[in-house]
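All values below were derived from every heavy atom in this structure, side-chain atoms included, with hydrogens, water molecules and symmetry-related copies excluded. Residue numbers start from 1 in every chain, and the chains themselves are labelled A, B, ... in the order their sequence lines are given, proteins ahead of strands.
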There are 2 protein chains.
Amino acid sequence: MREASKARVKTIAKPVELPLGQILSGDCVEAMRSLPDNSIDLVFADPPYNLQLGGDLNRPDGSQVDAVTDHWDQFDSFKIYDDFTRDWLTEARRILKPDGALWVIGSYHNIFRVGAILQDLGFWILNDVVWRKSNPMPNFKGTRFTNAHETLIWCSQGEKAKYHFNYRAMKTLNDELQMRSDWVLPICGGQERLKEGGTKVHPTQKPEALLYRVMLATTEKGDVVLDPFFGTGTTGAVAKRLGRQWIGCERESVYTDAALKRIEKELPLDESSLETMQSKRNAPKVAFGVLVENGYIKPGTEIFDKKRKWVAKVRADGSLIYEKQVGSIHGLGKELQGAPSCNGWTFWHIERDGKIEAVDAVRQLYLLATED
Amino acid sequence: MREASKARVKTIAKPVELPLGQILSGDCVEAMRSLPDNSIDLVFADPPYNLQLGGDLNRPDGSQVDAVTDHWDQFDSFKIYDDFTRDWLTEARRILKPDGALWVIGSYHNIFRVGAILQDLGFWILNDVVWRKSNPMPNFKGTRFTNAHETLIWCSQGEKAKYHFNYRAMKTLNDELQMRSDWVLPICGGQERLKEGGTKVHPTQKPEALLYRVMLATTEKGDVVLDPFFGTGTTGAVAKRLGRQWIGCERESVYTDAALKRIEKELPLDESSLETMQSKRNAPKVAFGVLVENGYIKPGTEIFDKKRKWVAKVRADGSLIYEKQVGSIHGLGKELQGAPSCNGWTFWHIERDGKIEAVDAVRQLYLLATED
DNA sequence: TCGAGAGGTGAATCGGTCA
DNA sequence: ATGACCGATTCACCTCTCG
């Protein structure tokens with residue numbers, strides 16, 4: 001009896017071969033429906049951001065910014081975007097193994113909606129990770145803060161669900177310090193950026209370093225990684241390099257073609273080269289205003305050059321005022337001396353504990369106190 | 001007609017005295033209901049994070065981590081949390097002026113829900129800002145990434161709504177580079193951390209540097225700042241220091257008492273320290289013609305672009321002439337380049353004392369000489 | 001061959017104020 | 001609502017040109 005029952009179950013759940021190393025063309029929700037339950041180790045998704053751009057944006061020099069206006073990124077309301085999000089997340093949840101994980105990347109335009117919906121569906125957030133761009137596009141109009149980061153959400157199937165985290169690999173990658181939830185990485189450019197006749201193939205190609213870290217952190221060798229918004233195949237290329245299996249969904253044949261060509265050229269890494277990967281830590285930079293902000297130098301403090309020829313006053317935002325002139329520590333020092341340039345850190349001095357010292361000494365103090 | 005209409009509006013909106021410099025005790029939604037419409041310049045909110053910690057969290061050495069387990073921080077479900085969030089955001093929206101702004105800080109536990117709901121209510125996100133902690137608590141169990149940041153959302157009343165951003169002050173604070181959406185600041189500790197008998201008064205006291213930057217960036221001197229989750233009054237302390245008015249809501253008398261004592265001790269910065277670098281938009285405007293009128297640039301002077309492709313001539317009224325074309329410094333620069341726009345101040349150059357410099361330098365000279 | 005300098009560009013919700 | 005007009009505005013990195 002027990003044998004027979006087992007056989008029946010097997011017959012019903014007939015083994016389905018996964019389309020490994022393939023791109024499923026068409027709508028990603030439809031494509032995922034063709035895949036069996038509990039079969040995927042990791043879903044990495046870079047969904048459209050639901051950008052609602054106004055008119056054209058010009059740089060200060062008059063040239064025009066190439067905006068993301070592809071039709072796959074047009075949603076005219078939150079409702080439509082939310083429905084779309086719930087649909088693909090539901091399918092992703094079904095095909096993921098119980099110990100599988102989901103990563104989503106987005107910006108402030110969409111990430112709050114995506115995050116709330118995946119929580120509603122039962123996903124359990126393990127970390128939100130900030131991709132801090134080392135070279136973001138500036139805010140040309142000077143109307144807001146430079147939009148210098150994007151947000152990733154990493155989650156498991158549920159509060160009690162198992163998941164994989166290669167703690168040791170991350171610590172090694174980060175110079176023997178725990179990997180933090182903020183990652184500094186450059187945007188995708190140079191040789192890595194796919195171009196066709198001088199123009200970019202995909203408007204929002206992600207850097208391989210980002211996918212590299214995601215997969216190294218949360219998958220094992222041989223795991224199956226699915227990307228519902230495959231684009232030009234960054235996920236596939238990195239998966240192949242790291243010895244992971246991959247499946248993509250993509251409806252634009254231009255992207256599909258470029259992706260297959262790209263992944264074909266990719267070579268898998270051997271174990272030893274993985275182990276030698278090390279991240280470089282940048283020397284920290286400190287702005288004068290940060291010293292003021294943190295109370296190292298109080299607004300109102302007198303600040304002067306070595307010979308006390310000029311005695312200026314520190315203001316709340318870290319600017320200086322001398323008689324009628326105002327400026328940064330570098331700019332005002334330059335103006336007063338009539339010099340072509342000035343290193344304010346060594347030019348300006350303050351009195352501290354009865355001793356006169358360059359403000360650079362205060363910066364050193366701050367660096368020591370805030371070192372990781 | 002217009003005058004009469006204005007008078008009528010004034011009569012209807014009878015002046016209500018705001019409880020400036022006071023903490024309203026009790027539930028924040030009830031407290032906000034007592035305030036009039038369109039009366040607040042900035043709401044800064046640090047709502048409970050809805051942390052769902054299971055058992056106690058222990059350090060590797062066995063000592064216990066002081067987790068956030070106060071009773072005000074427990075919510076049974078997302079539903080309750082969402083309703084609560086919608087309630088206080090709705091009141092905040094009502095009492096905010098049309099050009100007022102809202103800041104909310106949160107972690108991955110709650111920020112996605114808060115962000116989605118404030119979008120649903122009509123708030124328009126201007127930036128999400130990442131507070132990157134220079135000294136976060138490590139992940140003791142080694143099971144995830146070190147949770148090293150929190151997220152802030154800055155939004156206006158709507159897509160077309162006005163808002164305030166002190167671009168110039170932020171740029172000065174950041175060593176003459178645009179302020180980015182990621183801020184590196186230490187967590188609150190040391191002398192700044194309020195303690196009572198050796199234990200922290202509040203589990204999630206925010207650093208003053210964070211509020212300092214928020215207020216310097218998005219409020220003006222004298223503005224009214226409201227904090228619905230006042231806690232130990234970091235918002236009030238920084239507001240007082242920076243010459244802003246404040247109102248708090250808080251239901252725990254332990255926090256209220258500590259906050260009032262703390263703010264009492266705080267000293268406002270003096271007038272001159274408080275002045276920040278003005279954005280050029282607010283700075284006194286100088287027409288090019290004024291420079292000509294005052295002899296800073298003589299009529300007949302040759303004026304040219306950086307590459308000397310176009311050499312125009314200055315006329316008595318401050319207009320330029322190039323061959324048959326005439327116009328303002330902006331208009332002619334735009335015409336000649338065929339550009340959508342042109343900042344004539346940086347486009348046109350003149351020779352002065354043998355040196356070539358943008359006419360903007362002459363404007364600066366004039367501004368310095370005529371500043372009151 | 002190398003360095004200096006010019007030119008291009010990246011997921012962007014990017015102006016204000018009159019008539 | 002719409003348009004005219006005034007005037008304010010960019011950082012890091014890659015690639016190409018020129019000497």
First encountered from the 5' end of DNA chain D, between A/Pro60 and A/Lys195: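 By nearest-heavy-atom nucleotide position, the 5'-most residue is A/Pro60.
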Sugar-phosphate only, base, or nothing, as touched by A/Asp66 at under 4.0 Å among non-hydrogen atoms: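 Sugar-phosphate: the residue A/Asp66, judged by heavy atoms under 4.0 Å, touches backbone atoms but no base.
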Touch class at under 4.0 angstrom, heavy-atom based, for A/Gln191 against every strand present: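 Contact class for A/Gln191: sugar-phosphate only.
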Touch class at under 4.0 angstrom, heavy-atom based, for A/Gly55 against every strand present: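 Base: the residue A/Gly55, judged by heavy atoms under 4.0 Å, touches a nucleobase.
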Sugar-phosphate, base or nothing in reach of A/Gly190, heavy atoms under 4.0 Å: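 Counting heavy atoms under 4.0 Å across all strands, the contact made by A/Gly190 is with sugar-phosphate only.
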Ion pair check, A/Arg86 and A/Asp82, cut-off under 4.0 Å: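 Salt bridge between A/Arg86 and A/Asp82, a charged N being under 4.0 Å from a carboxylate O: no.
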Nearest to side-chain heavy atoms of B/Tyr167, which nucleotide of C/dA11, D/dT10, C/dA12: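 The answer is D/dT10.
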Mutual orientation of the aromatic rings belonging to B/Trp345 and B/His330 [parallel < 30°, tilted 30-60°, perpendicular > 60°]: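 If you compare the ring of B/Trp345 with that of B/His330, the planes turn out perpendicular.
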Pair of N/O donor and acceptor under 3.5 Å linking C/dG8 base with A/Arg59 side chain: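 Absent.
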Sugar-phosphate only, base, or nothing, as touched by B/Lys160 at under 4.0 Å among non-hydrogen atoms: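 Touches nothing.
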Sugar-phosphate, base or nothing in reach of B/Asn174, heavy atoms under 4.0 Å: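 Answer is nothing: B/Asn174 stays at 4.0 Å or more from every strand.
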Side-chain ion pair, A/Arg59 and A/Asp61, N-O less than 4.0 Å: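 Salt bridge absent between A/Arg59 and A/Asp61.
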Check: B/Trp124 ring centroid to B/Tyr163 ring centroid under 6.0 Å: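 Not under 6.0 Å, so no.
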Sugar-phosphate only, base, or nothing, as touched by A/Pro136 at under 4.0 Å among non-hydrogen atoms: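 Result for A/Pro136 = base.
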Sugar-phosphate, base or nothing in reach of A/Cys188, heavy atoms under 4.0 Å: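 Since no nucleic acid heavy atom lies under 4.0 Å of A/Cys188, the category is nothing.
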Under 3.5 Å donor-acceptor pair, A/Lys141 side-chain atoms to C/dA12 base atoms: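 Answer is no: no donor-acceptor pair is held.
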